[in-house]
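Any value given below was found using the heavy atoms of this structure, including those in side chains, with hydrogens, waters and symmetry copies removed. The structure presented is a predicted model; accordingly, all values stated were derived computationally and were not measured. Both counts, for ligands and for their atoms, begin at 1 and track the order of listing.
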Amino acid sequence: MATAVETITSGYRPARYAKHVNPQWVRLLDLLEMNVPYQRCVGAELFTSDGRRIVDFLSGYCVHNVGHNHPDVVAALQTELARCGPAMIQSHVADLAGELAEKLCERAGGRLRKAFFASSGSEGVEAAIKFARAHTRRAGILAAEHAFHGLTCGALSLMSDEFWSSGFGPLLPETSFVPFGSLEALERELQSKRFAAFIVEPIQSEAGVCISPQEYLRSAEALCRRYGTLFILDEVQTGMYRTGPFLAAQQFGVEPDMVILAKALSGGLVPVGAVLMSDAVCDSVYSSLPRAIVHTSTFSENSLAMRAGLATLDVLEQQELGKRARESGVYLQKKLTESLREFEMVKAVRGAGLLMGIEFQAPKQLRLRIPYEAFGAIHPGIFGQIVVMRLFRDYGFLTQVCGNNFMVLKVAPPLMVEQEHMDAFVRAVRAVVELANSPGSFWLEAIGLARRAFRS
Ligand SMILES: Cc1ncc(COP(=O)(O)O)c(C=O)c1O
């Protein structure tokens, strides 16, 4: 008789998913030869039912900081389920939420003393918009160009790349964008005193792993204070020790009014999000007894998410994964830089901790430039997708290009990634880049991909 696990994992049927969920997603994965049946995911390794081992260098876009299915987080969830405790009574004080909020605020420090829990990063951004408006009594929200803040309507209104918003408007009025890193543009906008908040990622992940210039965030915070605008950091990808410290903000010496966390907060097992904020911001929303429930969400403080969050924090700290992220990041960045230095198509390797990007650029040699430009004209993402596809298919590494910059390969393994994985990854990237630097099979593959993609 089949075990419960076998029953759950047998019968991988992507056609059923295509029929009832999203056919284009299945088509895309098929095209990229990445539609594989994962059966067991442990640490940084993913095992497929046909016997392949894939090493995860994406971490679900910075979800799996503690690795996949960390045994301590799994055990904490099992215990929580077994105790039959208060999961979502709603009309009660969710004690676990208090415990997690206290721990998050202690670690974040500065003026962050309260937490609102949500079930995703986008929902956290939505909450931050509302809280900032309530606090300042202003409507406008300012964001940085090419940011990624989420795909619900409010969060989407804070993203300048039209790919995401096209067809979904009208979005929130009174939003504006400034170039990431430009203090002049920021001050010009803030002077209008229209803006409740300026929201920014300390490292713009999907824009291409763009690291804030050292003084930018500190000066941006000072400008926000001068013009009565709240300074909000989106740390959905950068938080939870991904770049070394608990928050990336801590390496820039800033004290935001709000910080949004999600993704890695619950160990990659339960949806979660959190907005950390000052007492003053919180008080302006929950300002009287009748307003005690003015902003809530059914799943927000559910005991599984809270328990997973507490267990994840324990793992991150007991195993000193922040320190490890910092050290591994230095090692990996150095190895990648050295091994890719000679290739003209590699423009830069940059990052902080284990959030890294390899930026490619157009080749100068004519023999490469012709195919490169031909494919770029068909779709700007083809070059990056061939790199991703080859790393996956030929070398067993899961990666992706950045959502708002197809020329940057994102490198973000779980924080406990082993040196052996990093060394193998460096060899694999070098082999793929070497292939792209000669006019052979890499570019032939691009022709095939382009043909299949645009057949129907
Ligand atoms: C920086 C950042 N903010 C917000 C979000 C939205 O989070 P979610 O997908 O959980 O809604 C994302 C998602 O990738 C993100 O990268």
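- Within ligand 1, the atoms closer than 4.0 Å to a non-hydrogen atom of Ser120 are 10 (O), 11 (O), numbered from 1 in the order shown.
- The side chain to side chain contact (heavy atoms under 4.5 Å, CB included) test applied to Thr399 returns Phe57, Val388, Leu391, Leu409, Phe425, not counting sequence neighbours.
- Within the structure, ligand 1 has Asp234 among the residues with a heavy atom less than 4.0 angstrom away.
- Residues Leu233 and Glu201 are not in side-chain contact: their nearest non-hydrogen atoms beyond the backbone lie 4.5 Å or more apart.
- What sits closest to atom 16 (O) of ligand 1 on the protein, heavy atoms only, is Gln237 NE2, 2.8 Å.
- Contact annotation for Glu201 and ligand 1: only side-chain heavy atoms (C-beta onward) come within less than 4.0 Å of the ligand.
- The distance between the ring centers of Phe383 and Phe360 falls below 6.0 angstrom.
- Atom 13 (C) of ligand 1 has its closest protein heavy atom at Lys263 NZ, 3.2 Å.
- Scanning the protein heavy atoms around atom 10 (O) of ligand 1, the nearest turns out to be Gly121 N, 2.8 Å.
- Ligand 1 has no atom lying under 4.0 Å from any heavy atom of Glu206.
- Between Lys130 and Glu126, no side-chain nitrogen of the basic residue sits less than 4.0 Å from a carboxylate oxygen of the acidic one, so the salt-bridge criterion is not met.
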Could you check Trp164 against Phe148 for ring-ring contact (aromatic ring centres under 6.0 Å, His included), going step by step and ending with a plain yes or no? CA-CA 10 Å; Trp164 304 104; Phe148 196 101; 5.2 Å; yes
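- Ionic pairing of Asp257 and Arg225 is present here: one or more N-O contacts between side-chain nitrogen and carboxylate oxygen are shorter than 4.0 angstrom.
- Every side-chain hydrogen bond (donor to acceptor under 3.5 Å, both in side chains) that Arg113 has, sequence neighbours left out, goes to Asp279.
- Atom 11 (O) of ligand 1 has Ser122 OG, 2.5 Å as its closest protein atom, hydrogens excluded (heavy atom only).
- The nearest heavy-atom contact from the protein to atom 12 (C) of ligand 1 is Phe148 CD2, 3.6 Å.
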